Structure formats: C-alpha cells, structure tokens
Amino acid sequence: MSSMIIDGKKFAEEIRSEVKIAVEKRINKGLQAPGLATVLIGDNAASKVYVRAKHRACEEVGIKSLAYKLPASASQTEIETLVAKLNNNPEVNGILIQLPLPAGLNEEKVLGTLSVEKDVDGFHPINIGRLAQKGRESIFIPCTPAGIMVLLEKAGAKLDGAKAVILGRSNIVGMPIALLLLKANATVTICHSHTPDLASETRQADVLIAAIGQPELVRADWVKPGAVVIDVGINHVDDPSTKRGYRLVGDVAFEEVSQVAKAITPVPGGVGPMTIAMLMRSTLHAARLADKLH
Ligand code: NDP
C-alpha cells in the first residue's frame, strides 16, 4: 500500500489566496487592511528567519505588517510596555510575540499582557484555557495545531471516535493539538519523554501526530496500517551530498511509513507551510473581530 501524500504546500497556498481575496474585499469596502505586529526579542537566528517569512506572507496577502525588534537585554517592563502600546494601536489587529524569549524573561507574563482579541498565535492563557474547557471556544487557536486540523480534514481523517496518539506535549504543538482532537471527539493519548514504550502506543493510533524533534524516530512497524500520520518535526541531519551539507527530515521515517499509512504529510511541504497560512487567516479574523468591537 502506498499513502496519499497530504500536500500542505498546496493547501497553504489555497488558504493564503482566500485571505488575499478577503483582504482585497475589505479594502474595496473602505475597511482598513488587517495589521499584524511582530515582536522579535534577541538574536535567535531561527526566530529571525520565521519572522521574515511571516512578513513576506503578510505582504503577499495584503496584510500590513509592523516589525518591532528589541535587544536580548530588554527588560520585562520594556517588553510589556511595548505590548501595551500595541494593544492600544487600532492599526494593529494581531500581535505575535516570537518565541522562545531570551533566557531570564517571563514568557507566561508577556503572553498574559496581550489583548485576548489580538492574540493571533492563541497562546494567551485565556485562549488556551478556553481550548481546554468543554463547551468553550477560544478566539484564536495556535497556528501549527490549527494547520494540522485543516490537513486532517483534507486527508478525510475520521476523528469522531478515532484513537489519536500525539508524540510530544509542548505548549505550542503537542498540548494544543491534543485539546483540539479531544474537542473533535477523538480518544487522545499524549506521549512524552517519560512514556515507557512509544511504539506500543503509536501502533494503536488511527491518527498519529509526531511532534518531538527526533529525526525519523517513528518507523513503519510503529504505525497501524491505514493510519493518518502527521509529521510536525523539522530536523536538520548532516548530508554532505547536498549543497547545504544537510537535509530536513521529520520525526517520521517517511519512505517506509508511507508504505503503511493511509495518508502522510511530507517534510518539508507538510505542516510547515500551513503554520504561516493559518497566521494570515487568524490576522484576518482579528481584523473582523475589531470591526465588530469598534
Ligand atoms: P519541544 O522541544 O518544545 O517539545 C518536544 C516534546 O517532545 C516534549 O514534550 C518532549 O517530552 C517530547 N520528546 C522529545 N524527545 C522525545 C523522545 N525521544 N521520546 C518521547 N518524547 C520525546 O518541541 P516543539 O513541540 O516545539 O517541536 C517539536 C518538533 O516540531 C520540532 O522538530 C520542531 O522543529 C517542530 N515544529 C514544527 C513546526 C511547523 O510549523 N512545522 C512548528 C513548531 C515546531 P517532555 O515534555 O517529556 O520533555
């Protein structure tokens, strides 16, 4: 059996063009373009790349983006003052604090100062709290998990009553995707570094989400035949045969698992492109929310 490859790049492009059309319509109606402010603190190279990619995506879909940079030496008060200023700026509909913050800063406190209505990354404690509660809806959902839910839908995965196994319990991927799958009526198992036998858990999964950052850990014999497999991992492995000297692989051994799974995301080109597309969608949502509030 060979899997359906879930083409995240294509679905992300579709979402971006939907957002672009919606933004054009807003502007034609005389409404302001949605605005996204990014806050980058310190010099983390990967963070700089992600923030640049987010600004490029904004430009492509017509979202106004504002870049704020603070040095790694910025104090907690300076950051919170900036966030308060952005909370009160009507041109800014969404605020994205690029994580991780440099050591010594209190991430929870920074995220807690965001306006809940501008928290496009969905990390404010109220948004995450609502996600964790039955019968409540958060205003925003973290972008990577939101993108995964779209990919599962595109793959035709049946979630209600399915057994979902998540590898990883981070605040940004593992835990929120577990909460979303629970809301979709899956029976959810969350595995982490203290789980004694990962493979015995993953073999039971109708839906398997791998988000641990361990190159190709998930092998074919870890996967139930016919499962839908979402590989969130992005790992650099040395490869002297390539120009860059490395290649990107996921947490799943793609070649062999694609012989067993019903559907699988590739790395790159699976979950990755969806994250930024969902951020664009969330920023549009934030602008629509602001229209109603003001
Ligand atoms: P974190 O490092 O924050 O969390 C990793 C999780 O995996 C933790 O819960 C950890 O367990 C668990 N874990 C790590 N190693 C093992 C192991 N050997 N066995 C079992 N569990 C393990 O990572 P993130 O959630 O931020 O990211 C995970 C991966 O997804 C990374 O490769 C990252 O690059 C990628 N990523 C991709 C994105 C995209 O857009 N495609 C977005 C975000 C992340 P414990 O809690 O016990 O420490």
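Keep in mind the model is a prediction, meaning the values are calculated, not measured. Both ligands and their constituent atoms are indexed starting at 1 by order of listing.
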Apply salt bridge (charged side-chain N to carboxylate O under 4.0 Å, His left out) to the pair R130 and E137, showing each step before the final yes or no. CA-CA 6 Å; R130 285 184 185 152; E137 294 287 334; over 6 Å; no
Can you list the steps and then say if R26 with R288 is a side chain to side chain contact (heavy atoms under 4.5 Å, CB included)? CA-CA 9 Å; R26 284 180 65 79; R288 288 175 170 161; 4.0 Å; yes
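Proximity to G272 (heavy-atom distance under 4.0 Å) selects the following atoms of ligand 1: 40 (O), 41 (N). Each of the atoms 14 (C), 15 (N), 18 (N) of ligand 1 lies under 4.0 Å from some heavy atom of Q214. Using a 4.0 Å cut-off to heavy atoms of G168, the atoms of ligand 1 that qualify are 6 (C), 7 (O), 9 (O).
Checked by atom type, the side-chain pair K262/S3 shows no donor-acceptor distance below 3.5 Å. No side-chain donor-acceptor contact under 3.5 Å links Q32 and K64.
Under 4.0 Å from ligand 1, heavy atoms of H192 appear from its side chain as well as its backbone. At a heavy-atom cutoff of 4.0 Å, ligand 1 is contacted by the side chain of T275 but not by its backbone. With a 4.0 Å cut-off on non-hydrogen atoms, T144 touches ligand 1 through its side chain and not its backbone.
Within the 3.5 Å criterion, the main-chain N or O of E216 finds no donor-acceptor partner in the side chain of D251.
Separating the CD1 atom in I166 from the CD1 atom in I212 is a distance of 12.0 Å, to the nearest 0.5 Å. The NE2 atom of H124 lies 8.0 Å from the OG atom of S115; values are rounded to the nearest 0.5 Å. We find the CD-OG distance between E59 and S65 to be 7.0 Å, quoted to the nearest 0.5 Å. Note that the CD1 atom of I148 and the OG1 atom of T144 stand 6.5 Å from one another [nearest 0.5 Å].
Nearest non-hydrogen protein atom to atom 11 (O) of ligand 1 is S193 N, 3.3 Å. The protein atom (non-hydrogen) at minimum distance from atom 30 (O) of ligand 1 is V232 O, 3.5 Å. For atom 19 (N) of ligand 1, the nearest non-hydrogen atom of the protein is L198 CD1, 3.5 Å. Looking only at protein heavy atoms, the nearest one to atom 13 (N) of ligand 1 is I212 CG2, 3.5 Å. Here the protein heavy atom with the shortest distance to atom 44 (C) of ligand 1 is V173 CG2, 3.9 Å. The protein atom (non-hydrogen) at minimum distance from atom 8 (C) of ligand 1 is R169 N, 4.0 Å. The closest protein non-hydrogen atom to atom 29 (C) of ligand 1 is G213 N, 3.6 Å. Protein heavy atom nearest atom 23 (O) of ligand 1, with residue, atom name and distance: S170 CB, 4.3 Å.
Atom CG of D238 is surrounded by 12 or fewer heavy atoms from other residues, nucleotides or ligands within 6.0 Å. Other residues, nucleotides and ligands contribute only 12 or fewer heavy atoms inside 6.0 Å of the CG atom of D43.
For ligand 1, one of its N or O atoms has an N or O atom of I234 under 3.5 Å away.
Note on ligand 1: I172 sits in its first shell, one or more heavy atoms being nearer than 4.0 Å. Within the 4.0 Å heavy-atom cutoff, C191 does not count among the residues contacting ligand 1.
Of the protein's heavy atoms, none falls inside 4.0 Å of atom 2 (O) of ligand 1.
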